[in-house]
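Notes to accompany the following structure.
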Amino acid sequence: MINGIKKFAWWVADYAYAAIWQVRAFVSRTRADAFVDGARAPILILPGVYETWRFMQPLVARLHAQGHGVHVLDSLERNQRPVSEMAALVDDYLRQRDLSDVILVAHSKGGLAGKRVMMGESAPRIRAMLAVATPFGGSRYARRLPVRTLRAFSPDDPGIVELSRQVDVNARIVSVYAAFDPHIPEGSELVGAKNVRLATGGHFRVLANPRVIAELAILVTGADEKP
C-alpha cells in the first residue's frame, strides 16, 4: 500500500519534470531530421498528448548516440488529433521513407497510436513497441474532463474499447509504467504484453527511468541480430 505522503512527493516530482521539459521543448530549435542517421535498428518516437517530440528529446538524443536512426514527426505537433489520425500520419511517414523493422518508442497517448499502427497497413514494418505510461484501458479521470481531446481517454470511449479488444499485437509490446500514475489510476498493464511495473510514481518522469533504456536494449538486441 502506497501512503499519501509518498504519492504527493511523486506527484510534485512528476510535474516538476514535466514543467522543465515542456519549457525546454518550447525553446528548442533542434530539427526533426537531426537524428535520422544511424546504422542500428530504426526507432520512431510517439509522444503523448500536448507533447511535441522535443519533450522526449533527452531519450531521442541518447538513442541516437547509441547508433540508432531516430525518427520524429513534426506533423504530429502537440498530439491533439484523434489516435486514428496520428496513426495515419505515422503510416504515411513509414511508407514515404520505406522504413522497416522499426521499433516504436511511445509515451502515454503515443502508445495508443502506436498500437493502432501495429494493427494497420504498416504492421509488417513494425518490429515492436516500447510504451511508457500508456492508458491502454483508459483512465476514469478522463470522464470528468471538459476537453474532448482528454475525454477520449475514458475507459468507455469507443476508441479505447476497440483497441482493448485487439489483442493479437500485444505480444510485441512492452508496457513500462509506475506503481502510482496520477493520470492513470488503473495502471498500464496490457494483457499478453510484457508488463514492467516500476516501484516509483509518476506519469512523465518515468521516461527518465533507467529501466526504460534497459527494456529498449532488449528489443534492440533482437532487431540488430535479425538476418
Side-chain angles (χ1 to χ4, degrees), residues 10 13-22 24-25 28 30 32 34-48 51-73 76 79 90 99 101-115 117-118 126-136 169-184 187-190 193-226:
W10 282 338
D14 198 45
Y15 278 89
Y17 176 93
I20 289 170
W21 284 107
Q22 283 286 18
R24 292 188 179 185
S28 173
T30 305
F35 306 99
V36 296
D37 61 305
R40 302 185 70 190
I43 292 173
L44 191 143
I45 301 294
L46 295 171
E51 299 170 4
T52 69
W53 67 264
R54 292 179 179 86
F55 184 79
M56 296 176 66
Q57 192 166 327
L59 184 58
V60 170
R62 182 168 182 177
L63 295 173
H64 184 249
Q66 292 176 353
H68 297 281
V70 184
H71 299 260
V72 298
L73 280 70
L76 291 176
N79 288 344
V90 174
L99 295 177
D101 213 30
V102 176
I103 297 174
L104 304 176
V105 176
H107 178 233
S108 194
K109 181 183 180 180
L112 301 178
K115 183 174 178 180
V117 171
M118 295 174 75
I126 308 300
R127 180 177 183 85
M129 177 170 70
L130 176 69
V132 180
T134 291
F136 287 111
V169 302
N170 291 1
R172 293 191 286 134
I173 296 174
V174 178
S175 180
V176 181
Y177 56 97
F180 167 69
D181 187 325
H183 290 242
I184 314 171
S188 298
E189 184 174 351
L190 183 64
K194 179 180 180 180
N195 293 288
V196 181
R197 185 174 184 267
L198 304 177
T200 186
H203 183 74
F204 302 103
R205 69 191 188 102
V206 180
L207 286 167
N209 192 288
R211 188 65 183 272
V212 171
I213 291 294
E215 290 298 329
L216 187 57
I218 295 171
L219 293 177
V220 165
T221 298
D224 285 346
E225 291 177 352
K226 186 177 178 179

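Source: prediction; values computed, not measured. Position 1 is the first residue of the sequence, and the numbers go up from there.
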Minimum heavy-atom separation for [X] and [Y], please, with both atom names.
X	Y	value
G202	A178	O-CB, 3.4 Å
P135	S188	N-OG, 4.4 Å
L216	L63	CD2-CD2, 3.1 Å
F136	A131	CZ-CB, 3.7 Å
V70	I45	CG1-CG1, 3.6 Å
H203	S108	NE2-OG, 3.0 Å

Flag, side chain of [X] to backbone of [Y], donor-acceptor distance under 3.5 Å:
X	Y	result
H68	R62	no
D14	G201	no
D101	R127	no
T221	A217	yes

Are V169 and I126 close enough, and set up right, to give a side chain to side chain contact (heavy atoms under 4.5 Å, CB included), and what steps lead you there? CA-CA 10 Å; V169 302; I126 308 300; over 6 Å; no
Does some side-chain heavy atom of [Y] sit less than 4.5 Å from a side-chain heavy atom of [X]?
X	Y	value
N170	K115	yes
I173	L190	yes
L73	L44	yes
L207	M56	yes

Let's go through Y177 and H183 carefully: what are the C-alpha distance in whole Å and the side-chain angles of both, what is the deciding distance for ring-ring contact (aromatic ring centres under 6.0 Å, His included) to 0.1 Å, and is it a yes or a no? CA-CA 11 Å; Y177 56 97; H183 290 242; over 10 Å; no
Starting at [atom1] of [X], measure out to [atom2] of [Y] and round the result to the nearest 0.5 Å.
X	Y	atom1	atom2	value
W10	T200	CH2	OG1	5.5 Å
R54	T30	CZ	OG1	6.5 Å
L130	R211	CG	CZ	10.5 Å
W21	Q57	CH2	CD	7.5 Å
L99	I43	CG	CD1	12.0 Å
H71	L104	NE2	CG	11.5 Å

Should the pair F204 and H107 be assigned to parallel (<30°), tilted (30 to 60°) or perpendicular (>60°) ring geometry? tilted
Side chain to side chain contact (heavy atoms under 4.5 Å, CB included) for Q66 and V220? Distances and angles first, verdict last. CA-CA 11 Å; Q66 292 176 353; V220 165; over 6 Å; no
Exactly one of L46, V117, T134 should register a side chain to side chain contact (heavy atoms under 4.5 Å, CB included) with L112. Which one does? T134
